[in-house]
Amino acid sequence: MKCIITIELGTNGIRMFAYDLAGKVIGSMRGYYPTFHTEPDHSEQDPEQIFITTLYVLKNILNEYIHPKKYKVASICFCASMHSVLAVDKNGNPLGNAITWADNRAKKEAQELRSSALGKKLYAATGTPIHPMSPLIKIAWIRDRDADRFKQASKFLSIKSYIIHQLTGEYLIDYSIASATGLMNIHTIKWETEALKYAGITTAKLPELAPVFTSAGKLKKAYQQSLRLPADTKILIGSSDGCLATLGDGVKGEGKATITIEDSGAVRVMGPSVLKDEKMRFFNYLLTENCYVSGGPTNNGGNIFDWFTRQFGDFTNPFDIENSVQQLMEEASKVPVGSDGLLFLPYLLGERAPIWNANARGAYFGLHIKHERKHFVRATIEGILYEIYSIGKTLGEQRNIKSLSVNGSFGTIPFCTQLIADLFNKPVRLRRQFHSVSFGAYLLSATEMGIYKTLDDAAQTVELPDVFKPNKQHHAIYADYFNLFEKLSGKLFDEFEAIGELQHKYSVK
């Protein structure tokens with residue numbers, strides 16, 4: 001019996017699934033690693049820790065679910081969050097930590113480029129909004145602010161490219177992750193000359209571009225032996241988490257959109273053409289040639305409620321955050337829609353779409369003497385989802401969205417899914433197995449193996465049986481509060497700038 005293993009390199013941890021060739025889950029496992037915020041606007045991770053965690057979880061899933069049942073691993077397919085940058089030396093050794101998508105240290109460089117003619121030209125060519133998240137901007141920051149690291153760097157990699165290199169010795173990057181770097185032209189599928197010039201690098205400093213179906217070669221012999229995997233096990237470079245979440249929900253075609261809320265979040269559509277926007281609010285990333293996943297991302301998804309839970313939740317066990325989240329959700333469900341007028345701006349990590357303001361900060365607004373903890377709980381959830389709705393509302397200017405699906409561990413909590421349906425005033429569908437990123441990786445692998453002829457055929461097999469119908473009365477209330485939420489997010493621009501400057505000025509390093 002053959003099986004497929006998917007490896008998702010997420011923001012705060014790794015998630016692996018094993019599927020049989022019919023798409024049934026054989027088993028799954030998770031591993032975790034920290035993110036370091038050593039200074040304001042800094043978000044870094046230890047690449048060695050991520051690699052060790054990858055090996056640990058992979059060995060465990062093989063030993064528990066695969067080897068005892070005599071499965072043969074046909075392929076291991078990778079997917080990962082976007083926008084990470086890791087400089088490595090000529091021997092492939094990391095030069096410091098990886099800089100993650102959530103890092104905003106290069107906001108000055110991003111603001112200057114975004115307001116220039118070159119910035120607009122690069123956005124049109126690469127499909128990546130000009131923002132500190134972009135590896136293009138991160139590399140420019142390293143060039144200007146960390147000259148020693150820039151000089152020593154032999155290559156600039158994504159976390160996924162680094163992990164694959166550790167396993168196989170190959171330097172590769174798939175079209176999907178590459179299209180989110182701000183360095184690849186999504187129309188020619190080549191590294192963009194003017195982007196390279198801006199960053200101060202050549203193509204030799206980057207891994208080789210490859211389609212998402214590409215096999216990275218054989219596992220190194222040491223890992224073949226320690227993992228007990230044969231030499232012919234395919235290592236598929238795969239795609240990005242966003243593109244595969246969209247595929248995993250079957251969102252391929254007109255009128256469909258999907259919402260992902262894990263640590264961060266996004267609203268996405270998929271089609272044969274890019275979204276053109278003079279305000280540069282949307283991303284346009286490649287899954288395969290002539291297949292674009294477009295939409296808007298938020299920095300502030302489930303990670304914000306995780307932060308809230310750790311600060312204000314009740315813990316019977318200090319590590320039992322899932323139980324604490326469930327308790328807080330139950331508490332929130334007892335509060336009226338709109339949290340009795342308490343609004344939360346969830347911008348704890350700055351923000352991407354639709355305001356694209358790295359200096360944005362969090363705030364509770366409308367607080368009065370009768371508000372209790374339960375109101376803060378619900379307001380926090382509503383604020384996170386108001387931001388998701390603001391992206392969907394902006395996306396609706398470009399595409400006629402008739403149906404919605406939701407995936408991700410935060411978005412598929414029933415209380416949150418219903419709230420999304422009420423906000424959008426549309427039915428929301430979801431898969432029973434809501435980890436759509438991993439299922440998208442399975443569909444990609446299965447298509448590469450010939451089980452499906454094309455990704456279109458694979459997407460058409462996706463079933464979304466569970467439906468949450470909107471409450472129109474709740475939608476009317478949310479519409480009133482959302483209007484105020486939207487106004488506050490724009491009106492506080494100068495104040496966001498001012499508090500950001502003060503935080504840097506008086507931060508303890």
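One-based numbering along the sequence shown.
The closest side-chain donor-acceptor pair between Y347 and E387 falls under 3.5 angstrom. Using modelled atom types, one finds a donor on one side chain and an acceptor on the other under 3.5 Å when comparing E48 with Y162. N299 and S264 are not linked by any side-chain donor-acceptor pair at a separation below 3.5 angstrom, with hydrogens and angles left out of the test. There is a side-chain donor-acceptor pair under 3.5 Å between D422 and Q418. Inspection of the S405 and T258 side chains reveals an N or O donor paired with an N or O acceptor under 3.5 Å. The closest side-chain donor-acceptor pair between Y292 and S179, if any, does not fall under 3.5 angstrom.
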* **Chi angles and distances behind the side chain to side chain contact (heavy atoms under 4.5 Å, CB included) call for D46, F36** => CA-CA 9 Å; D46 181 347; F36 308 113; 4.1 Å; yes
* Between T260 and N407, does a side-chain hydrogen bond (donor to acceptor under 3.5 Å, both in side chains) hold up when you go through it step by step? -> CA-CA 5 Å; T260 300; N407 59 72; 2.7 Å; yes
* Yes or no on side chain to side chain contact (heavy atoms under 4.5 Å, CB included) for I384 and T298, after CA distance, side-chain angles and deciding distance? -> CA-CA 9 Å; I384 293 167; T298 172; over 6 Å; no
* Asked: Under the side chain to side chain contact (heavy atoms under 4.5 Å, CB included) criterion, do L275 and L395 qualify, and how do the steps go?
  -> CA-CA 9 Å; L275 296 181; L395 193 57; 3.3 Å; yes
* Can L443 and F439 be said to form a side chain to side chain contact (heavy atoms under 4.5 Å, CB included), step by step? -> CA-CA 6 Å; L443 293 177; F439 192 68; 3.9 Å; yes
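When each of L167, D174, I237 is paired with F78, the side chain to side chain contact (heavy atoms under 4.5 Å, CB included) condition holds for L167 and for no other. Checked options L236, T447, L444; the residue passing with V212 is L444 (criterion: side chain to side chain contact (heavy atoms under 4.5 Å, CB included)).
Within 6.0 Å of the CZ atom in R429, the count of heavy atoms belonging to other residues, nucleotides or ligands does not exceed 12. More than 12 heavy atoms of other residues, nucleotides or ligands shown are found within 6.0 angstrom of CZ on F415. In this structure, K220 places its NZ atom where more than 12 heavy-atom neighbours from other residues, nucleotides or ligands lie under 6.0 Å away.
Between the CD atom in E44 and the CG atom in D103 there is a gap of 6.5 Å [rounded to 0.5 Å]. A distance of 6.0 Å separates CD1 of I163 from CG of L9, quoted to the nearest 0.5 Å. The line from CG of L62 to CZ of R228 is 8.0 Å long, rounded to the nearest 0.5 Å. Atom OH of Y442 is separated from atom NZ of K24 by 13.0 Å, given to the nearest 0.5 angstrom. In this structure, H42 NE2 and H37 NE2 are separated by 11.5 Å, a value rounded to the nearest 0.5 Å. We find the NZ-CD1 distance between K218 and I235 to be 12.0 Å, quoted to the nearest 0.5 Å.
In terms of heavy-atom proximity, E351 sits nearest to H131 at O-NE2, 3.3 Å. For A459 against K252, the heavy-atom pair with the smallest separation is CB-CB, 4.1 Å. When all heavy atoms of P47 and A98 are compared, the pair lying nearest together is CD-N, 3.9 Å. Heavy-atom minimum distance, P129 versus Y285: CD-OH, 4.1 Å. The minimum heavy-atom distance linking G96 with L86 is given by the pair O-CD1, 3.7 Å. For the residue pair M329 and I413, the shortest heavy atom distance occurs at CE-CD1, 3.8 Å.
Between the H67 side chain and the L227 main chain, a donor and an acceptor come within less than 3.5 Å of each other. No side-chain donor-acceptor contact under 3.5 Å links K70 to the backbone of M1. No donor-acceptor pair closer than 3.5 Å links the side chain of K2 to the backbone N or O of L21. Side-chain N or O atoms of H187 include one that pairs as donor or acceptor with a backbone N or O of A124 at under 3.5 Å. A donor-acceptor pair under 3.5 Å is formed between the side chain of S134 and the backbone N or O of L136. Within the 3.5 Å criterion, the main-chain N or O of Y171 finds no donor-acceptor partner in the side chain of E208. Counting only distance, with no hydrogens or angles, the side chain of T288 and the backbone of C291 share no donor-acceptor pair below 3.5 Å. A donor-acceptor distance shorter than 3.5 angstrom exists from the side chain of D89 to the backbone of N91, with no hydrogens or angles considered. A donor-acceptor pair is defined here as one N or O able to donate and one able to accept, closer than 3.5 Å; no such pair exists between the side chain of T100 and the backbone of S84. Here the side chain of N300 pairs a donor or acceptor atom with the backbone of G350 at under 3.5 angstrom.
Ring geometry for Y223 against F51 counts as perpendicular: the plane angle is over 60°, on a 0 to 90° scale with 30° as the lower cut. In this structure, Y478 and H474 have perpendicular ring planes: the angle between them is above 60°, well past the 30° mark.
Between I177 and M82 there is a side-chain heavy-atom pair separated by less than 4.5 Å. With a 4.5 Å cut-off on side-chain heavy atoms, K190 and N185 do not count as touching. Side-chain contact between P414 and F468 is present, with at least one heavy-atom pair separated by less than 4.5 Å. Counting only heavy atoms from C-beta outward, the side chains of Q49 and P34 approach each other to under 4.5 Å. At least one side-chain heavy atom of V25 sits under 4.5 Å from a side-chain heavy atom of Y19. Taking 4.5 Å as the limit, some side-chain heavy atom of L58 sits within range of a side-chain heavy atom of M16. Taking the side chain as every heavy atom from C-beta outward, L183 and T126 never approach each other to under 4.5 Å. Considering only heavy atoms from C-beta on, T246 stays 4.5 Å or farther from L287 through its side chain.
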Acceptor/donor pairs from residues 238-245 side chains to any protein atom, 3.5 angstrom cut, sequence neighbours excluded:
unit_1, atom_1, unit_2, atom_2, d
S239, OG, S176, OG, 3.0
S240, OG, S176, OG, 2.9
S240, OG, C243, N, 3.2

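We find that D277 and R281 are joined by a salt bridge, their nearest charged nitrogen and carboxylate oxygen being less than 4.0 Å apart.
Between Y389 and Y386, the distance separating the two ring centers is not shorter than 6.0 angstrom.
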